[in-house]
Amino acid sequence: MRSLTGLRGIAALLVVLLHTAPAGGVAGFGAVFIRHGYLWVDMFLLLSGFILLRTYERLFQERPFPIAYADFLLRRLARLWPLFALATVATFVARQTGRTWYADTIHPWGWVLVANLTMTQAWVGQDSIDVPGWSVSGEWACCLMFPLFLRLLDNRRGGSAAGLYLAAFAVLTVLAWLPVPARAGGLDLALPATPFPVLRCMASFAMGMALWRGCGHRRLEPLVSSPLADVVATGLILAMMGKPHTDLAIVALFSLLILCLSRQRGVVDRMLRTGPAYWAGQVSYSVYLLQVPLIVLKGQTRLTHDAQQVLVAYGLSATKGSWLCLFYVLLLICSAITWWMVERPSRTMLRAVAYRLSGLAA
C-alpha cells in the first residue's frame with residue numbers, strides 16, 4: 001500500500017517540526033498543532049501493527065511457530081537495529097564530548113549504552129541516548145509480543161479485532177488521564193523510569209493489528225469506501241491537531257485514515273502515492289532517527305525551539321522561516337545517504353541471513 005508509506009514520511013517530517021519549531025514563531029492554532037506533533041509517533045505504531053500483520057500473518061499460519069517467530073524477529077531486527085545503532089553511537093559520542101544540547105555527559109555510561117544498543121532502554125528505565133529512540137525500543141517490545149497479539153485476534157471467545165482495538169484504546173485512555181506533569185498533552189509520555197512509554201507503544205501497535213484484521217468488515221465499508229472518505233478523515237485530523245485536549249480523538253481519526261487509505265481509491269491516497277511523498281516515506285526512519293544527531297553534532301543547542309542556532313552553526317542564514325527549510329534539506333540529504341548506504345544494504349544482508357536460517361530449520 002504505497003500511500004501508507006507516503007503517510008509515514010509526512011508523519012516523520014511533522015515530528016521533526018515539533019523538535020525544531022522556533023520559539024515564539026507560531027501562536028494559537030499553529031502552536032497547538034505543532035505541540036501535538038508527538039502524536040505522529042502513534043501513527044508510526046498504528047502503521048507498523050497494520051503493515052506487519054498484513055505482511056507476516058501468513059508466515060505464522062504456514063510455518064511452525066518457532067521457525068516463524070525466529071524469522072520474524074530476525075527480519076524486524078534487520079529493519080530496526082542497524083540505523084538505530086548508528087544514530088545512537090553518533091549521539092553518544094556527541095554527548096560524551098560535550099557537543100550536545102544536554103547539560104551533562106552520560107555517567108555512568110556503560111549500562112545506559114548497553115540498554116540502548118540492545119533497544120531495551122524504554123523497558124528498563126533508561127534514557128534514550130538518541131531521544132526519539134524510545135519509540136524504537138517500544139516497537140521492538142511490540143515485535144516480541146507480536147505472537148500474543150496475534151493469538152488474541154485469533155481467539156474467538158475474547159479476541160476479535162474490535163475487542164482488541166477497544167481494549168488497546170482503553171489503555172491509551174487510562175494513560176491519557178494519568179496525573180503526569182510537564183507534558184504537552186495526554187499521550188506525551190516519553191518518560192524514562194516508567195512503564196508508560198512501552199504501554200503507549202503496545203497499545204497503538206495492537207490497535208494497528210486490529211485495524212488490519214477488521215479492515216475488510218462489511219460494516220466498515222460504507223464508512224471508508226467513498227473516494228472522499230480519506231479527505232474527510234484528513235480534514236478532521238488537521239482540525240483536531242490545532243485544538244487542545246484532543247489526543248484520543250486524533251488517534252481514533254488516525255485509525256480511520258489508515259482504513260480509508262487501505263481502500264486505495266481516495267484523493268489523499270493518490271497524493272500520498274506520488275513520487276515525493278513515497279520517497280519521504282522510504283527515508284522516514286532515517287529522518288526520524290537522524291534529527292537529533294544532526295542537531296547535536298554541530299554545537300551547543302537545545303533540541304526544542306532553538307534550532308535556529310543549528311543553522312547558524314552550519315554557517316547558514318537564520319532569517320525567519322528560511323532556516324527551517326534549510327534544516328529540512330540538510331536532514332533529507334543525510335537521510336537519503338543513510339538510507340542508501342546503511343538501511344538498504346544492512347537490511348538486505350540480515351534478511352538474507354534470516355532466509356538461510358529459516359531454510360535450514362525447515
Side-chain angles (χ1 to χ4, degrees), residues 1 4 7 39-63 65 68-69 72-73 76 122-123 135 138-178 185-187 189 194-226 229-230 232-233 236-237 240 246-263:
M1 297 182 182
L4 296 183
L7 178 60
L39 289 173
W40 295 104
V41 175
D42 295 278
M43 175 65 89
F44 295 148
L45 293 159
L46 284 164
L47 287 169
S48 291
F50 186 89
I51 293 169
L52 289 182
L53 184 57
R54 174 178 178 265
T55 303
Y56 292 106
E57 184 174 21
R58 182 172 293 181
L59 173 69
F60 282 87
Q61 292 172 344
E62 295 179 350
R63 309 204 72 175
F65 174 78
Y69 190 41
F72 171 75
L73 290 181
R76 294 311 299 156
W123 321 351
S135 64
E139 182 167 347
W140 179 234
C142 294
C143 292
L144 293 172
M145 296 290 288
F146 186 84
L148 175 61
F149 295 140
L150 187 58
R151 182 65 180 268
L152 290 173
L153 285 171
D154 290 336
N155 179 6
R156 294 299 180 185
R157 292 193 298 176
S160 66
L164 180 60
Y165 184 92
L166 292 174
F169 192 81
V171 171
L172 287 184
T173 302
V174 172
L175 292 175
W177 285 96
L178 288 173
L187 293 177
L189 290 167
T194 73
F196 304 147
V198 175
L199 287 174
R200 174 187 170 190
C201 290
M202 287 188 175
S204 295
F205 186 90
M207 288 165 62
M209 291 182 66
L211 286 175
W212 168 251
R213 182 59 66 84
C215 69
H217 198 285
R218 64 180 183 276
R219 292 183 181 178
L220 291 174
E221 194 65 25
L223 181 65
V224 300
S225 60
S226 168
D230 56 4
V232 173
L236 290 172
I237 289 170
M240 289 292 182
T246 55
D247 292 41
L248 295 171
I250 291 169
V251 173
L253 289 168
F254 283 166
S255 303
L256 177 61
L257 179 59
I258 290 171
L259 289 175
C260 293
L261 294 177
S262 71
R263 295 301 190 270

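Sequential numbering from 1 along the given sequence is applied to the chain's residues. Not measured: the values here are computed from a predicted model.
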Taking all non-hydrogen atoms of both residues, which atom of [X] and which atom of [Y] are closest, and how far apart?
| X | Y | value |
| --- | --- | --- |
| Ala161 | Ala210 | O-CB, 3.3 Å |
| Cys215 | Ser262 | CB-OG, 4.5 Å |
| Leu187 | Asp247 | N-OD2, 3.0 Å |
| Phe149 | Cys142 | CE1-O, 4.4 Å |
| Asp230 | Leu257 | O-CD1, 3.9 Å |
| Ala206 | Ala168 | CB-CB, 4.2 Å |

| field | Evaluation steps, side chain to side chain contact (heavy atoms under 4.5 Å, CB included), between Trp123 and Leu144 | value | CA-CA 12 Å; Trp123 321 351; Leu144 293 172; 3.2 Å; yes
| task | Mark yes or no for whether Asp42, through its side chain, and Val251, through its backbone, hold a donor-acceptor pair below 3.5 Å. | result | no
[atom1] of [X] to [atom2] of [Y]: how many Å apart, nearest 0.5 Å?
| X | Y | atom1 | atom2 | answer |
| --- | --- | --- | --- | --- |
| Leu4 | Ile258 | CG | CD1 | 7.0 Å |
| Leu220 | Ser225 | CG | OG | 10.0 Å |
| Leu148 | Arg151 | CG | CZ | 9.0 Å |
| Asp154 | Gln61 | CG | CD | 7.5 Å |
| Trp177 | Leu248 | CH2 | CG | 8.5 Å |

| task | Could you walk me through whether Leu172 and Ser204 pass side chain to side chain contact (heavy atoms under 4.5 Å, CB included), step by step? | result | CA-CA 8 Å; Leu172 287 184; Ser204 295; 3.9 Å; yes
| Residues which pass ring pair (Phe, Tyr, Trp, His ring centres under 6.0 Å) with Phe60, listed by chain and number, not counting sequence neighbours | Phe72, Phe146
| field | Partners meeting ring pair (Phe, Tyr, Trp, His ring centres under 6.0 Å) with Tyr165 (sequence neighbours left out) | value | none
Output a table of donor-acceptor pairs, distance under 3.5 Å, between side-chain atoms of residues 43-56 and any protein atom two or more places apart or on a different chain; print 'none' if there are none.
unit_1: Ser48; atom_1: OG; unit_2: Phe44; atom_2: O; d: 3.1
unit_1: Ser48; atom_1: OG; unit_2: Glu139; atom_2: OE2; d: 3.1
unit_1: Thr55; atom_1: OG1; unit_2: Ile51; atom_2: O; d: 2.8

| So do Val198 and Trp140 actually touch side chain to side chain, heavy atoms under 4.5 Å? | no
| Hey, are the side chains of Glu57 and Trp212 touching, using non-hydrogen atoms and a 4.5 Å cut-off? | yes
| said: Between Arg200 and Val41, does the side chain to side chain contact (heavy atoms under 4.5 Å, CB included) criterion hold? Intermediate values first, please. | reply: CA-CA 10 Å; Arg200 174 187 170 190; Val41 175; 4.0 Å; yes
| remark: Sorted by chain and residue number, the side chain to side chain contact (heavy atoms under 4.5 Å, CB included) partners of Met240 (sequence neighbours excluded) come out as Thr246, Ile250, Leu253
| Quick one: salt bridge (charged side-chain N to carboxylate O under 4.0 Å, His left out) pairs with a partner in residues 162-174, sequence neighbours left out? | none
| request: Sequence neighbours left out, what pairs pass salt bridge (charged side-chain N to carboxylate O under 4.0 Å, His left out) with at least one residue falling in residues 141-150? | output: none
| field | Working for side chain to side chain contact (heavy atoms under 4.5 Å, CB included), residues Leu164 and Arg213 | value | CA-CA 10 Å; Leu164 180 60; Arg213 182 59 66 84; over 6 Å; no
